[in-house]
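One-based numbering, in listed order, for ligands and for the atoms of each.
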Amino acid sequence: MHRSSFPASSKLPDVGTTIFTRMSLLAEQHQAINLAQGFPEFDCSPELQQLVEKYLRQGKNQYAPMAGVMALREAIAQKVFEGCGTEYHPESEITITSGATEALYVAITTVVHPGDEVIVFEPAYDSYVPAIELCGGKPVYIRLDPQYKSIDWSFVRSKISGKTRAMIVNTPHNPTGNVWTVDDLNELAKIAEMHDLLVISDEVYEHIIFDNRKHVSASSVAALVERTFVCGSFGKTFHITGWKVGYCLAPKHMTTEFRKIHQYLVFSVVTPFQYAIAEYLSDPDHYLSLGAFYQRKRNLFNEAIMGIGFNFEPSAGSFFQNVSYGSLSDENDLILAERLTSEAGVASIPMSPFYNGYSDFRVLRFCFAKHDDTLLRGAERLHKVVW
Ligand code: PMP
Ligand code: GLN
C-alpha cells in the first residue's frame with residue numbers, strides 16, 4: 001500500500017482541520033496573542049483541583065458506570081431542578097459524556113437515519129454538520145446574518161419537509177454571542193410539536209450570559225422537554241475545557257437509545273473528575289457568578305477596542321465578541337485573520353468557516369476568556385494595524 005493513499009473513499013471529503021486548531025497553531029507559530037480558539041487562559045479553582053486529587057487518592061481510578069458517576073448525575077438533576085423546575089431522573093434520563101462534543105455527536109447519531117433532513121441554523125458550531133453527514137443525513141440550513149436581531153420563524157417553517165427529523169439549536173450562541181428568548185423557544189416548540197421533530201439543544205454557555213438576560217433552556221419548556229436532547233458541558237462553566245466532561249439530558253425512551261451509542265463510543269468518562277465536579281456543584285455560587293465575571297471582561301475588551309473602527313454590538317452571551325471590519329477593509333475574513341495573526345500578533349477566528357459554502361460578512365470573532373492584561377495588549381496591537 002502506498003503510504004500516501006487512503007484505501008477507501010473519504011467519508012468527509014470536504015472536511016479539513018478545524019479553524020480553531022489552525023488559528024491556535026498559527027498563533028503559536030507567530031507568538032501572537034491568542035484571542036482565537038475559545039478556552040480560558042486562567043486556571044480552574046484550587047478547590048476543584050484539590051477535589052480531583054482527593055478522589056484520585058481515594059482510588060476512584062477505574063471505569064465509571066457507563067451512564068456516569070451517580071453522584072454527578074444526582075448533582076446535575078438537582079441543579080436543573082433548581083434552575084428550571086424540571087425533573088430529570090438521574091438513573092434513566094441523565095448521561096455523563098466526554099464533553100458536549102460527544103453528547104452532540106451521540107444525540108445526532110441517535111436520531112439521524114440516511115436521507116433524514118436536519119435543520120441547522122448558521123453560523124453553526126463546527127461539529128454538527130459532519131456528524132449529520134456521517135449518518136447519511138442532510139443539513140438544511142437556516143442562514144442568519146452574524147449580527148442577526150431576530151429569527152424569521154415562518155422561514156424556518158418553510159424549510160420543514162416530510163424528511164425533516166430534527167433541529168439543532170444553540171443558545172447562548174457560538175459564534176454570534178446571541179441569546180434566544182422565551183418566545184424563540186416557544187416558536188421552536190410549536191414547530192417541533194406540529195411536525196413531530198426532535199430537538200438537539202447545545203447549551204454549553206448556559207451560565208455565560210450578560211446584562212440581566214436569563215438563559216432559557218429547552219429543559220424549561222414543557223413542550224420541548226419530551227423531545228429534546230439537552231447537551232451541556234462543565235468545560236466553560238468551571239474553566240476546565242481540557243477535562244472534557246459534559247452531559248446529556250433527555251427523556252427515558254430517548255436516553256435509552258442515546259446510551260446504546262454512548263456505550264460503544266466511549267463506554268464511560270474519566271472517573272475522579274466526575275466525583276470532583278459532583279462535589280463542587282453543591283455550591284451554586286461556583287456557576288452563578290460566571291456571567292458577572294465574563295461581563296466585566298467583555299466590557300473591558302470592548303472599551304479597549306473602541307476607536308479602531310470596528311462595528312459591533314456587545315455580545316449577549318458566550319465568551320465571544322464579534323466585530324465587523326467592513327468599514328476598514330474589504331479583505332476576505334480568512335486572509336485578514338491570518339494577516340492579523342502574523343503581522344499584528346493577534347489571533348482571532350474568521351466568521352466564514354461557520355457557514356456552509358461561501359460567505360464573507362467581514363466579521364471576526366474574538367474570545368475574551370483571557371487575562372485582562374492579555375485583552376488590553378491584544379487591543380493595543382489592534383489599534384496599531386494599518387488597514
Ligand atoms: N458546543 C459549542 C457551541 C461549543 O462552543 C463547544 C466548545 N467550545 C462545544 C459544543 C464542545 O464542548 P466540549 O468542549 O465540552 O466538548
Ligand atoms: N469551542 C471552541 C471555540 O469555539 C473550540 C473547541 C475546539 O477547538 N474544538 O473556539
If the condition is side chain to side chain contact (heavy atoms under 4.5 Å, CB included), which residues does Ser289 pass it with, not counting sequence neighbours? none
Would you mind running through ligand 1 and noting each atom that sits below 4.0 Å from a heavy atom of Asn174? 3 (C), 4 (C), 5 (O)
Please confirm whether Thr18 comes under 4.0 Å of ligand 2, counting heavy atoms of the residue only. no
Taking the ring of Tyr294 and the ring of Phe210, is the distance between their centroids below 6.0 Å? no
Tell me which pairs pass salt bridge (Lys or Arg N to Asp or Glu O under 4.0 Å) where either residue lies in residues 298-319, with sequence neighbours left out. Asp211-Arg298
Subset of ligand 2 atoms that lie under 4.0 Å from at least one heavy atom of Phe20: 3 (C), 4 (O), 5 (C), 7 (C), 8 (O), 9 (N), 10 (O)
Can you list the ligand 2 atoms lying under 4.0 Å from a non-hydrogen atom of Asn174? 1 (N), 3 (C), 4 (O)
Region of Asp126 engaging ligand 2 - heavy atom pairs below 4.0 Å: neither
Which ligand 2 atoms are under 4.0 Å away from a heavy-atom of Gly38? 2 (C), 3 (C), 10 (O)
Fit a plane to each ring of Phe238 and Tyr280, take the angle between them on a 0 to 90° scale, and name the class: parallel (under 30°), tilted (30 to 60°) or perpendicular (over 60°). perpendicular
Would you mind listing which atoms of ligand 1 come within a distance below 4.0 Å of any non-hydrogen atom of Ser233? 13 (P), 15 (O)
Compare Tyr125, Phe319, Phe39 and give the one whose heavy atom is closest to atom 6 (C) of ligand 2. Tyr125
Under 4.0 Å from a heavy atom of Gly99: which atoms of ligand 1 are those, numbered in the order shown and with their elements? 15 (O), 16 (O)
Aromatic contact, His173 with Phe354 (centres under 6.0 Å): no
For ligand 1, the portion of Asp202 having any non-hydrogen atom under 4.0 Å away: side chain
Which atoms of ligand 1 are found less than 4.0 Å from any heavy atom of Leu104? 10 (C)
Taking only non-hydrogen atoms of Lys236 and a 4.0 Å limit, the atoms of ligand 1 in range are 6 (C), 7 (C), 8 (N)
Please classify the Glu102 to ligand 1 contact at 4.0 Å (heavy-atom distances, strictly less than): side chain, backbone, both or neither. neither
May I ask you to identify the nearest protein heavy atom to atom 8 (O) of ligand 2, giving residue, atom name and distance to one decimal place in Å? Gln37 NE2, 2.7 Å
Is ligand 2 under 4.0 Å from a heavy atom in the side chain of Arg22, in the backbone, in both, or in neither? neither
Could you tell me, atom by atom, which parts of ligand 1 come under 4.0 Å of a heavy atom of Asn170? 3 (C)
Applying a 4.0 Å heavy-atom criterion (strictly less than), which segment of Phe234 is in contact with ligand 1: side chain, backbone, both, or neither? neither
Looking only at heavy atoms of Thr241, does any of them come nearer than 4.0 Å to an atom of ligand 1? no
